[in-house]
Amino acid sequence: LNDHCNFKDFGILQPSISEEEPKPDEEIKPKISASSGTGFAVNSNGYFLTNAHVISDCDIQGIFYGDKPKRVSIVARNDTLDLAILKSSTLKIPNYLRFASTLTTGQDVYAFGYPYLGELSKEIKVTDGIVSSLAGLKNNPSRIQISAPIQPGNSGGPVVDNKGLVIGVAVSGLIGEKIQNINFAIKKDNVLGYLSKNRIPFEVETSAQTQQIPNIVKKMKDAVFPVFCFKQN
């Protein structure tokens, strides 16, 4: 099982990262390691979701918004479920993502994220596939298996249906010579349960219409962002 975003010494960001220009005594020290992943807004109050492993062992974590790094704080983290809730004190995302009310085996899905940040283009990436199973590795009920390819950096990104509604959060995949497109996402029901437990507002959409993929991509660009994690000296 391969976590999709745990790079050491990735070297993709500049040393100074803050929501405002840092004061002299707030300058960030040089980093010795970094990781990156993906996160998305779940409401307009500055809350974001990502994987717990994306921000593990962080001294500084944040998101790229408009190509600029913005610091965020960790509100909650669950390593077993592999989810983390982040909060920005300044960023408010009006076009946040909503969640689907249904989930079925065989339905079309699209995975969004920022794989290989710093190597590929800055544009959000999309891959397509289907829900292969409503359980994960060893029948894990908190996961769904998807055929949409995901890569290092996709971790924490939304997996959505053909209406642009979230049905899961990309988390991991199997790798091996004889393995093809066996990837996993955290099931939306477990995601919603975690948000509810932490009293984070979210919306479940029941009347959305099927959308053209370019329209879904446009929607994702407004709500899905690269997440970074730095470990200081």
Donor-acceptor contacts, no H, no angles, side chain residues 190-205, under 3.5 Å, sequence neighbours left out:
from   : atom 1 : to     : atom 2 : distance (Å)
Tyr194 : OH     : Arg77  : N      : 3.0
Tyr194 : OH     : Asn78  : N      : 3.3
Ser196 : OG     : Leu192 : O      : 2.9
Asn198 : ND2    : Tyr194 : O      : 2.9
Glu203 : OE1    : Arg98  : NE     : 3.2
Glu203 : OE2    : Tyr96  : OH     : 2.3
Glu205 : OE2    : Ser207 : N      : 3.1
Glu205 : OE2    : Ser207 : OG     : 3.0

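- Although no hydrogens or angles enter the test, the distance criterion places no donor-acceptor pair under 3.5 Å between the side chain of Asn51 and the main chain of Val54.
- The OG1 atom of Thr206 sits 9.0 Å away from atom NZ of Lys163, with the distance rounded to the nearest 0.5 Å.
- From Glu123, atom CD reaches atom NZ of Lys221 across 4.5 Å, with rounding to the nearest 0.5 Å.
- Partner of Phe99 under the side chain to side chain contact (heavy atoms under 4.5 Å, CB included) criterion, out of Val42, Ile167, Leu165: Val42 alone.
- In this structure, Ser132 OG and Ile182 CD1 are separated by 8.5 Å, a value rounded to the nearest 0.5 Å.
- Judged by distance alone, the side chain of Lys70 and the main-chain N or O of Gly66 form no donor-acceptor pair under 3.5 Å.
- For the atom pair OG1 of Thr127 and CG of Asn154, the computed distance is 6.0 Å after rounding to the nearest 0.5 Å.
- A donor-acceptor distance shorter than 3.5 angstrom exists from the side chain of Asp82 to the backbone of His53, with no hydrogens or angles considered.
- The six-membered or imidazole ring of Phe228 lies near that of Phe64, with a centre-to-centre distance under 6.0 Å.
- Judged by distance alone, with hydrogens and angles left aside, the side-chain atoms of Asn140 form no donor-acceptor pair with the main-chain N or O of Leu137 at under 3.5 Å.
- The distance from the OG1 atom of Thr50 to the CZ atom of Phe225 is 12.5 Å, given to the nearest 0.5 Å.
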- Task: Could you please spell out the steps behind the side-chain contact (heavy atoms from CB on, under 4.5 Å) verdict for Val159 and Val169?
- Result: CA-CA 6 Å; Val159 179; Val169 177; over 6 Å; no
